[in-house]
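Heads up: the structure comes next, in structure tokens.
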Amino acid sequence: MLRDTIFDIVARSVAALRENGDLPDVALPAFEIERPQIASHGDYATNVAMKLASAAKAAGEKSNPRAIAEIIATRIRETVAVVPAYDLVETVEVAGPGFINLRLRPAWLLAQTGRVIDEGNSFGSVHVGRGKKINLEFVSANPTGPVTVGNGRGAFIGDTLAAVMRAAGYDVTKEYYFNDAGGQIDKLGRSMEYYLRLALGEADPSKPDEGYFGPYYETVAERMIASGAKKLLKLPEQKRASAIGEATAAAIMDDIRQTMAKMRVEFDVFFNQASLGPSGELQASIDELRAAGYIEEYEGAQWAKTNLFGDDKDREGNERGRVIVRSNGEPTYFASDVAYMRNKFLRGFDRLIMILGPDHHGYIGRLKAVAQMLGHAADDMHILIYQNVTIKGQRMGKRLGNIITLDEIYEEVGPDVTRFFYLMRSSDTHLDFDLDLARKQTDENPGLSVQYAHARASGVFRKAHEQGITESDYATADVTALAGDPPEQLDRELAMIRQLLRLEEVVERAALLLEPHHLTRYGMDLADAFHQFYDHCPILKQGADIPLDVRNARLRLLRAAQAGLARTLTLLGMTAPDRMERAETVERVEA
RNA sequence: GUGCCCGUAGCUCAGUGGAUAGAGCGCUGGCCUGCGGAGCCAGAGAUCGGAGGUUCGAGUCCUCUCGGGCACGCCA
């Protein structure tokens, strides 16, 4: 990656100076290579001189950060002058309190066009993941209702995070855990029994006091009756609730899978909680914890000593951990958690990541404790909590009874815009979905703007084709010739190639920090750079009188931009259209 | 009571301990008949909730505090 090369240049120069005793004789502190916020400061900056000065001062030596920076800068200039692989650096300057700013050579930047085009679908990939096996579990909504705008957030975060992590070199398995066991299924069954009887025209069927209610369940009841659920009502009372519950859960699971498929969220594994009992894994994990000495009995129940690993350390009056087997002999939901995690680790994953809603933050301590009881590091179990979702301008929430499903959003704006909007915000932040903005079929819609950039690029190639210009005409064009363009054009061309090259850094950062939202920001930046290029650097424009070599070089650059946009959109799970559907626009009023 | 997340422009939000805090929308003014105008250019708009602290440097880290959201079962 480009930044790694810059790091090497700086590190090598500093190391050489230290060998000669030209720098303060203190341990070299960690330093950063960063992109300055202000373009006039160059492409990269390092704070190594300030860090060194600071360390020297702490060791009692007197030091001047700017003077140190000058020494290092001089050495860097010498280094890049003699090492051919480092010929990408044009200038090295000391600025401010002691920053060393490096600027890249325009011709080198332009030449990167070839690499972007050659790498194509794999452009932006990095290797920080080193093939580490990751289990990424997300959504895992209970099969007791449709996916909502709230719990659907995990779907987009998870799906795109997986794509980004794969691009960063991780081996990712995407997994959905269906909580299809326990009391909630019976409760679902009792609720559905009411809806089935209602749908069959029974007069005044009894409605349970507590359960799952709403118009959605009426539609599920209709479908279940159509597929023969009527006979379930004839089952004896003890079996009826669980039988209806299981059938209902299966029907709802189908809905959830369909919603996911429509939104292009894919899973490698669907795991059913109910399978853990019959497979013997539930018992095996309890036995394993007992053998390790982590289970104690109290008042007839079996307690797992999660408190030994920090779980519930602040919970009042409870130093016993969590109940894993009730006094009536039934394992708790927590037992399933243990068995499921054990199952994942046995499948050979190096790290487990779970994406959960804000109501699950209590899980963090509990599950990290489980990981440790199973003999793994606390950090091998990572939980990513995302915050709530609201629809702008609407009050919502279960208590108000106006749950909005993800399907409704799909109907309104489709998968592309939905995905983009969900991924614009950090998981840590509450998401206020601006449905009005999402509905707009104009460039005001930031998601469409990225797609439009891609479509525009495709449009130019379409036009080129119509004019008889073929790929072979510009495939070997010398893009560095653009270095001779006037600033108005060259600045835009360089800005776009700079944005393109940034993708690798964005992918690495998003993967390491588990923050896929950086990709949408990047998409907007790249699209913006593209539109600037498009507006200022004509290629086929009539009457613009573009020399052939410039035209062909710009077509190359455009090809690279198209590839970068396509790659970004793909990582976001969006389509990269070759043309945009023209929306019905208001006729312009002639003055 | 305890814990987690948030507080940055009118709105919704980015922001890697660095230099002059950014984007989208909205607002104001101007340009434009095309590589599909779903356009371009410019501008106004911010005591980064508040108070201390850490350091060469804090929107960012620490402590306290105020405001908003969420959760704390032998439920799942």
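Bear in mind the structure is a predicted one, so any value in this text is a computation, not a measurement. First the proteins, then the strands, lettered A, B, ... as listed; each starts at 1.
- Note on P538(A): a base of the nucleic acid sits closer than 4.0 angstrom, heavy atoms only.
- Atom CG of L102(A) is separated from atom P of rG18(B) by 18 Å (rounded to the nearest Å).
- Using C1' as the reference atom, rC62(B) and rG45(B) are 33 Å apart when rounded to the nearest Å.
- For the residue pair R502(A) / Q499(A), a side-chain donor-acceptor distance below 3.5 Å is found, with atom types taken as modelled.
- For the pair F99(A) and rG18(B), the ring geometry does not qualify as stacking, because the centroid separation below 5.5 Å and plane angle under 30° are not jointly satisfied.
- With distances taken from any side-chain atom of K51(A) to the nucleotides rG15(B), rC6(B), rC56(B), the minimum falls on rC56(B).
- Whole-Å rounding puts the D337(A) CG to rA76(B) P distance at 11 Å.
- Separating the CD1 atom of I295(A) from the C1' atom of rC74(B) is a distance of 14 Å, rounded to the nearest angstrom.
- Of the listed nucleotides (rC5(B), rC13(B), rA19(B)), rA19(B) has the atom at the smallest distance from the side chain of A95(A).
- Straight-line distance from the CD atom of E330(A) to the P atom of rC75(B): 11 Å, rounded to whole Å.
- Rounded to an integer number of Å, the gap from CZ of F533(A) to C1' of rC40(B) is 16 Å.
- Heavy atoms of A181(A) sit under 4.0 angstrom from primed sugar atoms or phosphate atoms, though from no base atom.
- Using N1 to N3 plus N6-O4 or O6-N4 for Watson-Crick, or N1-O2 and O6-N3 for G-U wobble, each under 3.5 Å, rA58(B) pairs with nothing.
- Aromatic ring pairs are classed by plane angle as parallel below 30°, tilted from 30° to 60° and perpendicular above 60°; the pair F433(A) and Y422(A) is tilted.
- Between the side chains of S458(A) and Q562(A), at least one donor N or O lies within less than 3.5 Å of an accepting N or O.
- Considering only the side chain of K57(A), rC56(B) comes nearest among rC74(B), rC56(B), rC6(B).
- Comparing rC4(B), rA19(B), rC41(B) by their closest approach to the side chain of H361(A) singles out rC4(B).
- Residue contacts shown for Y386(A) are absent, as no nucleic acid heavy atom lies under 4.0 Å away.
- One finds the CZ atom of R556(A) at 13.0 Å from the CD1 atom of I539(A) (value rounded to the nearest 0.5 Å).
- Between R554(A) and E493(A), at least one side-chain nitrogen of the basic residue sits less than 4.0 Å from a carboxylate oxygen of the acidic one, meeting the salt-bridge criterion.
- In terms of position along RNA chain B, the nucleotide closest to M50(A) lies nearer the 5' end than the nucleotide closest to the other residue of the pair M50(A) and N388(A).
- If you check every strand for non-hydrogen atoms under 4.0 Å, G183(A) touches sugar and phosphate atoms only.
- Judged by Watson-Crick or G-U wobble contacts below 3.5 Å, the nucleotide rA38(B) has no partner.
- rA21(B) and rG43(B) have their P atoms separated by 16 Å, with the value rounded to a whole Å.
- Residue contacts for T144(A): at a heavy-atom cut-off of 4.0 Å it reaches no nucleic acid atom on any strand shown.
- Regarding contacts with the backbone of rC70(B), every side-chain N or O of H360(A) stays at 4.0 angstrom or more from both OP1 and OP2.
- Residue D180(A) is out of contact with every strand shown, counting any heavy-atom pair closer than 4.0 Å.
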Fill in the blank from the handout: Given protein heavy atoms under 4.0 Å, the one-letter contact record of nucleotides 20-31 of chain B, with B base, S sugar-phosphate only and - none, is simply S-BBSSS-----

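- The environment of CD in E296(A) is sparse: at most 12 heavy-atom neighbours from other residues, nucleotides or ligands sit within 6.0 Å.
- Checked against the 6.0 Å centroid threshold, F156(A) and F138(A) do not count as a close aromatic pair.
- For V323(A), the side-chain atoms get nearest to rC74(B) when compared with the rest of rC35(B), rA19(B), rC74(B).
- Residue E299(A) has its side chain nearest to rC74(B) when only rC74(B), rA71(B), rC5(B) are considered.
- Taking only side-chain atoms of D359(A), from C-beta outward, the nucleotide of rC35(B), rG15(B), rC70(B) with the closest atom is rC70(B).
- Base-pair partner of rG43(B): rC27(B) (Watson-Crick or G-U wobble, both distances under 3.5 Å).
- Two rings, from F309(A) and Y294(A), have their centers less than 6.0 Å apart.
- Straight-line distance between the C1' atoms of rA14(B) and rG53(B): roughly 28 Å, to the nearest whole Å.
- Between F7(A) and Y44(A), the distance from one ring center to the other does not fall under 6.0 angstrom.
- Pairing partner, rC4(B): rG69(B), with both Watson-Crick or wobble hydrogen-bond distances short of 3.5 Å.
- One can place CD of E32(A) at 8 Å from P of rG18(B), the figure rounded to the nearest angstrom.
- Two residues, R502(A) and D535(A), neighbour RNA chain B, and the one matched to the more 5' nucleotide by heavy-atom proximity is R502(A).
- The nucleotide rA19(B) finds no pairing partner, because no Watson-Crick or G-U wobble arrangement with both distances shorter than 3.5 Å includes it.
- For rC48(B) and rG15(B), the C1' atoms lie 11 Å apart once the distance is rounded to whole Å.
- Proximity note for H430(A) (side chain, C-beta onward) versus rG18(B), rG36(B), rC13(B): the nearest is rC13(B).
- Counting to the nearest Å, the P atom of rU12(B) and the CG atom of D436(A) are 14 Å from each other.
- Residue D186(A) places no side-chain atom within donor-acceptor reach of the base of rA76(B), judged by atom type and a 3.5 Å distance cut-off alone.
- Separating the CD atom of Q273(A) from the C1' atom of rC75(B) is a distance of 12 Å, rounded to the nearest angstrom.
- Residue side chain N47(A) reaches the base of rG18(B) through a donor-acceptor N/O pair under 3.5 Å, judged by distance alone.
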Practice task
Start with the C-alpha gap between R425(A) and Q387(A), add the side-chain angles, then the distance that decides, and say whether side-chain hydrogen bond (donor to acceptor under 3.5 Å, both in side chains) holds.
Solution key: CA-CA 10 Å; R425(A) 306 286 177 245; Q387(A) 298 303 314; over 6 Å; no

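- Remark: rU63(B) base-pairs with rA51(B). Criterion, Watson-Crick or G-U wobble with two distances under 3.5 Å.
- At a threshold of 4.0 angstrom between heavy atoms, the contacts of R579(A) include nucleobase atoms, whether or not backbone atoms are also involved.
- Contact annotation for Y363(A): base contact, defined as any heavy-atom pair under 4.0 Å involving a base atom.
- Once rounded to the nearest 0.5 Å, the distance linking CD of E505(A) with CD of E34(A) reads 11.5 Å.
- Phosphate contact (OP1/OP2 of rG73(B), side-chain N/O of T332(A), threshold under 4.0 Å): absent.
- Nucleotides rC64(B) and rC5(B) place their P atoms 14 Å apart, quoted to the nearest Å.
- Using the six-membered ring where Trp is involved, Y474(A) and F461(A) have ring planes that are tilted, between 30° and 60° apart.
- Among the nucleotides rC5(B), rC70(B), rG36(B), the one closest to the side chain of Y534(A) is rG36(B).
- Of the candidate nucleotides rA76(B), rA14(B), rU16(B), rA14(B) has the atom nearest to the side chain of T429(A).
- In terms of phosphate contacts, Q532(A) brings a side-chain nitrogen or oxygen within less than 4.0 Å of OP1 or OP2 of rC41(B).
- OP1 and OP2 of rC40(B) both lie 4.0 Å or more from every side-chain N or O belonging to R492(A).
- For R3(A) and rU16(B), the shortest distance from a side-chain N or O to OP1 or OP2 is not below 4.0 Å.
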